[in-house]
Amino acid sequence: AARMQDAANQQQVVGTPGYMSPEATHGLKPAPAMDLFSAGLVLAELLSGRPLISERDPYRAMYRAAHEDLVLPDTLPTDADDALRALILRTLSRDPSKRHASAAELREALQKWLTPAANSDAQGGGGTLEFLLRRMRHKSDFPTLSDSVSRIQRVANSENESLSSLSGEILKDVALTNKLLRMVNTAHYSQAGGGNISTVSRAVALIGFAGIRNMALSLVLLEHMHDKQHANLLKEEFLRSLMAGSLANELCPGREGEEAFIGAMFLNLGRLLTEFYFPEEARQVRALVRPATAKAVVGAKVPVTELAASVSVLGVSFEDLGAGVAKAWGLPDTLQRCMRKPVGDPPSKPCEKGPERMRWVAMVANEVTDVLLQAEPGKASAAIAVVAERYTRVLGVSPRDMQAAAVMAQQRLADLAVAMNLQVQPGSPMKKLLAPAGNGTAQHAEPDSISEHALHATLPISPEAAEAAAAGIAPAGPPATKPAMAAAMMAAGIQDITNTMVEDFKLNEVLRMILETMLRALDLQRIVFCLRDPKTETLTGRFGLGLTVETVAPHFKIALKPAPGTVLDLFSAVCLKAADTLISDATLPNIASRLPPWYRKSVNAPAFLLLPLVMKGAPFALIYADKAEPGGIDLGEKELSMLRTLRNQAVMAFKQSL
């Protein structure tokens, strides 16, 4: 233990490894928040029967506390509900300001959990919504889903964030990154890139924050639908939402179209979440709602609206549930309003640009999508025209324009289905969404309701093919090995960067493309770009990608002119010799003794790569990359050659920008 007022304890690391807070591992001034973190670790261990941080190496334990976002194990008892889990996770926040303000406040929170207020699940819309939200939070994947959506939305809408921030958030999820790049390289988006796009950084620069945000949010929802017994229903529900979003995008040109896309898609959020988290209730709602075209059956219940059915089964409408989750996720007010359908008859005058028009566009796009699903073969276009006629004045869109927009949206949907590997089951009504909306023969018979080309959307693709597609490469022959995939991804990145540098380019954009290519190809933990500070003659960390890079990068201080008589540490020696260096195991005594103190204290990765950048015989920058396990970076001659090519592209970019 350490006395808070004892000046002698400043910058000393005090505590038990495995139970220390992140700030304690850095030797910061003792504070109550440190003890709250430790208490959270003990409480989690009491509930699960094992420590959250279990490492023989004390330095490894401290490193994990400082750099990992701790999660609770699945072995917690069933009565450890979502409220208790949230309470514990708050105490384990790496940011001290997000923990409880004091031990007394934590005690009070625990007491409230032990003795909840009577009738907390009171009847009524608000009580029912909160009850459903609590049930969803208790599901293991809902907190992860919520966190992903919130982070992407927060970064994309912050005036203080940059291109690298959004790229960095997406790159934290490998599956999300690969699917997003496949989407970017579909026909709809490839026109913006003028060819294959192999990095998220380039995609954000070409397509914009809003477009990439929409893709990322769409894919985050889809990614959480795997390995469920009702996965087919979930994917079909997602496909329906994606069609509505695509149609809304076609109806709103320019930047407004991107907002309309996400608004129309999220109008279905309540239905989608119900299908995901409450499949039995979703089945009951579907049983109550039958298409108007369904034949009457003697003794059958009279079909009701989806609004009435969802309220009857859930106690709250799909719309209210979706809006409640959107509010909890911190989605912007404009999007939340867009998720509320307009009431009353359509206005007789065109609705000006802005949130109100997007509300009408979102609703109409969903109505047209439903018409496509319910229309009899060969009558889809006529049905679309009926809907369009009703909203012509408010949207300023003619029936013919609406029909054309539906065809374009379906073509886009087919491309996106391929990119996302969405499989449509035989006999599914969702097949109609991938077929032309006209009166052609494609819709005259159920077996031919989708063209042979569109059927490619139902074909599964292997992980190897997915990776190659993300890199812009068509695989051939047997599945590629991991080194071959790394080389292919780097080759695609090198080509993408070369194409970018032919144009007028921004230096930071090219550098981030280079770092991202290395990060993804080698599956690195993090990568940092250091640049020479002429005032101090040091290489300082400027930016990077990967795990906790925002807090790690500022610690890089590599002396290029060490004081006379001092022994060069490993980093300074490598940079001054301009020698590409791979350290496979930094825990070995002969290596560890040469690591600078700032590295051992703030980074301390066991395997890392150093690629100095040299101009006119002198080092001016450094690319640092690491992995979390000894021997984790294994490079063959081909991969090493491509890494050097990427490094040389960075040097070339600096020369061209001078």
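Note that these values count all heavy atoms, side chains included, but never hydrogens, waters or copies made by symmetry. For clarity, every value in this text was computed on a predicted model and none was experimentally measured. For the single chain, residues carry numbers from 1 onward in sequence order.
Put simply, OG on S198 and CE on M513 are 6.0 Å apart, with the number rounded to the nearest 0.5 Å. Atom CG of N268 sits about 4.5 Å away from atom CG of N366, to the nearest 0.5 Å. If you take NZ on K327 and CG on L129, they are separated by 9.5 Å, rounding to the nearest 0.5 Å. The CG atom of L433 sits 6.5 Å away from the OG1 atom of T369 when rounded to the nearest 0.5 Å. Rounding to the nearest 0.5 Å gives a distance of 12.5 Å between CZ of R99 and CG of L89. From M402, atom CE reaches atom OG1 of T392 across 7.0 Å, with rounding to the nearest 0.5 Å.
Using a 3.5 Å distance cut-off with no hydrogens or angles, the side chains of Q403 and S381 do not pair a donor with an acceptor. Side-chain contact of S317 with D320: a donor-acceptor pair under 3.5 Å is present, judged by distance alone. Between S93 and D95, the side chains place no donor N or O within less than 3.5 Å of an acceptor N or O (distance only, hydrogens not considered).
Looking at E319 and K341, no side-chain N of the basic residue comes within less than 4.0 Å of a carboxylate O on the acidic one, giving no salt bridge. Electrostatic pairing of E275 and R286 counts as a salt bridge here, judged by a charged N lying under 4.0 Å from a carboxylate O.
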Is there a side-chain contact (heavy atoms from CB on, under 4.5 Å) between L395 and R357? Walk through the geometry before answering.
CA-CA 7 Å; L395 296 183; R357 185 176 192 277; 4.3 Å; yes
Could you go through N249 and R412, starting from their C-alpha distance and side-chain angles, then the distance that decides it, and tell me whether this counts as side-chain contact (heavy atoms from CB on, under 4.5 Å)?
CA-CA 11 Å; N249 182 269; R412 179 186 183 188; 3.3 Å; yes
Any chance you could lay out the side-chain contact (heavy atoms from CB on, under 4.5 Å) test for R271 and E237, step after step, and finish with the verdict?
CA-CA 8 Å; R271 184 195 295 114; E237 193 62 54; 2.8 Å; yes
Verdict with supporting geometry, L272 and Y277, side-chain contact (heavy atoms from CB on, under 4.5 Å):
CA-CA 9 Å; L272 188 63; Y277 292 104; over 6 Å; no
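Side-chain contact between F278 and L132 is present, with heavy atoms from C-beta onward closer than 4.5 Å. Residues L372 and I384 are in side-chain contact: their nearest non-hydrogen atoms beyond the backbone lie under 4.5 Å apart. Looking only at side-chain heavy atoms (C-beta outward), L515 and R512 stay at 4.5 Å or farther from each other. At least one side-chain heavy atom of R202 sits less than 4.5 Å from a side-chain heavy atom of E509. With a 4.5 Å cut-off on side-chain heavy atoms, L242 and F261 count as touching. Residues V285 and T274 are not in side-chain contact: their nearest non-hydrogen atoms beyond the backbone lie 4.5 Å or more apart. The closest side-chain heavy-atom distance from F238 to F276 is not below 4.5 Å. Side-chain contact between L70 and R94 is absent, with no heavy atoms from C-beta onward closer than 4.5 Å.
Using bins of under 30°, 30° to 60° and over 60° for the plane-to-plane angle, the ring pair Y391/W360 lands in the tilted bin.
E281 places no side-chain N or O within 3.5 Å of a backbone atom of L314 that could act as its donor or acceptor partner. A distance-only check finds no donor-acceptor pair linking the side chain of E250 to the backbone of A406 [under 3.5 Å].
When the side-chain contact (heavy atoms from CB on, under 4.5 Å) test is applied to E105, the partners found at least two apart in sequence or on another chain are R90, H100, A101, S102.
Pairs passing the salt bridge (charged side-chain N to carboxylate O under 4.0 Å, His left out) check and including a residue from residues 395-406, sequence neighbours excluded, do not occur. Pairs engaging residues 358-375 under the salt bridge (charged side-chain N to carboxylate O under 4.0 Å, His left out) rule: R240-D370, E356-R359, E367-R390 [sequence neighbours left out].
Across all non-hydrogen atoms, the minimal contact from G322 to L269 is O-CD2, 3.7 Å.
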